[in-house]
Chemist: 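Submitted below is the structure of interest, expressed as structure tokens.
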Amino acid sequence: MNKTILITGASRGIGAATAIQAAALGYQVGVNYLKNEEAANQVVDYIVRNGGKAKAFGANVSSEREVDELFKAIDSTLGTVSALVNNAGILETQMPVVDIDVERLCRIFNSNVISCFLCSKEAVKRMSTKRGGSGGAIVNVSSIAARTGAPGEYVDYASSKAAVDALTLGLAKEVADEGIRVNGVRPAFIYTDIHTSGGEPGRVDRIKDSIPMKRGGRPEEVAKAILWLLSDEASYTTGAFLDITGGR
Ligand code: NAP
């Protein structure tokens, strides 16, 4: 395989697991991170030690300028992106809607929604067969919160993920005849650092007995679904969502 993939927020959690599995499949992997350069370099080192090709790229994917520079840097080092995983996302401390201030809303929507729009735009410019590209695939990492609303915890985050789902549906239809597929995954209760940002590091263990499978999920289990949606095995799948929730 000689394909280049960009995974946003790949220094940790679901993004890191996806980067490692993508490299094992033969992708050249752009490992994006925001602040945690050391963790991103560890992902890259692991991939290279195992015979793969990867490079770390620091960029805030909610900044138009930094996304523009990120894609240009990948063009000139790993080659043009033909797969994109919009994975970077944030969660803030649990609180009811009545206490959420506008600064927090801007942070959540910038990090979780604007980022997906900006990276998807740059990807479509390069992938679209109508613009001289060779096609490609995009997977947006949403959340089951888009369906539940996350009452009392983080309705702002849930709303941002519902916006990501609308982007997935709309963009999938816009570019379906340009050689680009766009799909989403909606994980829940995955063991990563994000729950610490939400103020409850042990959240998955607190909830796990209410999950039909009676356990939390692993980042690697989400990565498998993302990589299937990107693969040619999913060649007639677009505008679709895979819920990865242990049955909840
Ligand atoms: P995580 O462990 O907290 O990792 C978040 C990653 O996103 C880190 O690599 C972080 O980089 C990066 N990031 C955050 N903001 C960024 C920005 N503006 N620009 C570039 N990178 C940025 O999170 P995770 O649990 O793996 O979550 C990944 C995705 O899955 C998110 O979209 C999340 O909403 C979604 N999700 C997670 C769960 C779950 O249970 N874990 C459930 C549903 C959905 P640094 O390391 O540099 O900070």
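For ligands, and for the atoms within them, numbers begin at 1 and follow the listed sequence. From a predicted model like this one, the values you see are computed outputs, not experimental measurements.
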Chemist: Using a 4.0 Å heavy-atom cut-off, which part of A16 comes near ligand 1: side chain, backbone, both, or neither?
Modeler: neither
Chemist: Honestly curious: do I180 and L84 fall in one hydrophobic cluster under the side-chain, below-4.5 Å linking rule?
Modeler: yes
Chemist: Under 4.0 Å, counting heavy atoms only: does P187 come that close to any atom of ligand 1?
Modeler: yes
Chemist: Salt-bridge test for K72 and D68: reply yes if a basic N is under 4.0 Å from a carboxylate O, no otherwise.
Modeler: yes
Chemist: For N32, which part has a heavy atom under 4.0 Å from ligand 1: side chain, backbone, both, or neither?
Modeler: side chain
Chemist: Got the closest protein heavy atom to atom 27 (O) of ligand 1, with its distance?
Modeler: I194 CD1, 4.0 Å
Chemist: Would you mind checking if E153 and R203 are paired as a salt bridge, meaning a charged N to carboxylate O distance below 4.0 Å?
Modeler: yes
Chemist: Can K55 be said to sit on top of F57's aromatic six-ring, NZ or CZ under 6.0 Å from centre and within 45° of the ring axis?
Modeler: yes
Chemist: Whether D156 and R104 form a salt bridge (side-chain N of Lys/Arg under 4.0 Å from carboxylate O of Asp/Glu) is what I want to check.
Modeler: yes
Chemist: Identify the closest protein heavy atom to atom 5 (C) of ligand 1: which residue and atom is it, and at what distance?
Modeler: G89 O, 4.0 Å
Chemist: For E69, is there an ion pair with R65 - N to carboxylate O distance below 4.0 angstrom?
Modeler: yes
Chemist: Please state whether K161 comes within less than 4.0 angstrom of ligand 1, counting heavy atoms only.
Modeler: yes
Chemist: Evaluate G9 for polar contact with ligand 1, using N/O atom pairs at a separation under 3.5 Å.
Modeler: yes
Chemist: Testing the basics here: between T4 and T80, what is the closest heavy-atom pair and its distance to 0.1 Å?
Modeler: CB-O, 3.5 Å
Chemist: Using a 4.0 Å cutoff against the non-hydrogen atoms of K35, which atoms of ligand 1 qualify?
Modeler: 45 (P), 47 (O)
Chemist: Backbone or side chain, does any N or O of N87 fall under 3.5 Å from an N or O of ligand 1?
Modeler: yes
Chemist: Which atoms of ligand 1 have any heavy atom of V61 under 4.0 Å away?
Modeler: 17 (C), 18 (N), 19 (N), 20 (C)
Chemist: What atoms of ligand 1 come closer than 4.0 angstrom to any heavy atom of A88?
Modeler: 7 (O), 13 (N), 16 (C), 21 (N), 22 (C), 32 (O)
Chemist: Let me see the working for N41 and Y33 under side chain to side chain donor-acceptor pair (under 3.5 Å), right down to the final yes or no.
Modeler: CA-CA 10 Å; N41 283 335; Y33 65 95; over 6 Å; no
Chemist: For atom 44 (C) of ligand 1, what is the closest protein heavy atom, and at what distance to 0.1 Å?
Modeler: S142 O, 3.1 Å
Chemist: Which atoms of ligand 1 are found less than 4.0 Å from any heavy atom of V141?
Modeler: 29 (C), 30 (O), 32 (O), 35 (C)
Chemist: Is the shortest side-chain N to carboxylate O distance from E122 to R126 below 4.0 Å?
Modeler: yes
Chemist: Is there any N or O on A188 that sits under 3.5 Å from an N or O of ligand 1?
Modeler: no
Chemist: For atom 25 (O) of ligand 1, what is the nearest protein heavy atom, given as residue, atom name and distance?
Modeler: T192 OG1, 2.4 Å
Chemist: Return the residue, atom name and 0.1 Å-rounded distance of the protein heavy atom closest to atom 11 (O) of ligand 1.
Modeler: S11 OG, 3.3 Å
Chemist: Looking only at heavy atoms, is any part of R186 under 4.0 Å from ligand 1, and if so is it the side chain, the backbone, or both, or is it neither?
Modeler: neither
Chemist: Please list, in number order, the atoms of ligand 1 under 4.0 Å from a heavy atom of Y157.
Modeler: 33 (C), 34 (O), 35 (C), 36 (N), 43 (C), 44 (C)
Chemist: Does any N or O of ligand 1 fall below 3.5 Å from an N or O anywhere on N36, backbone included?
Modeler: yes
Chemist: Closest approach of V164 and C116, non-hydrogen atoms and distance?
Modeler: CG2-SG, 4.1 Å
Chemist: Should you measure from each heavy atom of I14, which atoms of ligand 1 turn up under 4.0 Å away?
Modeler: 26 (O), 30 (O), 37 (C)
Chemist: Same cluster or not: V43 versus L78, using hydrophobic residues (I, L, V, M, F, W, Y) connected whenever any side-chain heavy atoms lie under 4.5 Å apart?
Modeler: no
Chemist: Residue-level breakdown please: for H195 versus ligand 1, do any non-hydrogen atoms fall below 4.0 Å on the side chain, on the backbone, on both, or on neither?
Modeler: side chain
Chemist: Around atom 40 (O) of ligand 1, find the nearest protein heavy atom and jot down its residue, atom name and distance.
Modeler: I190 N, 2.9 Å
Chemist: S210 vs R248, test: side chain to side chain donor-acceptor pair (under 3.5 Å). Steps then yes/no.
Modeler: CA-CA 8 Å; S210 69; R248 205 159 105 160; 2.5 Å; yes
Chemist: For residues G216 and V204, report the shortest heavy-atom separation together with the two atoms involved.
Modeler: CA-CG1, 3.5 Å
Chemist: Identify which one of N110, L34, N112, I194 satisfies the side-chain contact (heavy atoms from CB on, under 4.5 Å) criterion when paired with I90.
Modeler: N112
Chemist: When you measure from the heavy atoms of A40 to every atom of ligand 1, does any distance fall below 4.0 Å?
Modeler: no
Chemist: Of all the atoms in ligand 1, which lie at a distance below 4.0 Å from a heavy atom belonging to N60?
Modeler: 17 (C), 18 (N), 19 (N)
Chemist: Considering only heavy atoms of A59, which atoms of ligand 1 have at least one such atom less than 4.0 Å away?
Modeler: 19 (N), 20 (C)
Chemist: When you check the gap from the basic side-chain N to the acidic O, do D165 and R186 get nearer than 4.0 Å?
Modeler: yes
Chemist: Look at atom 10 (C) of ligand 1 and say which protein heavy atom is nearest, naming residue and atom and giving the distance to 0.1 Å.
Modeler: R12 NH2, 3.7 Å
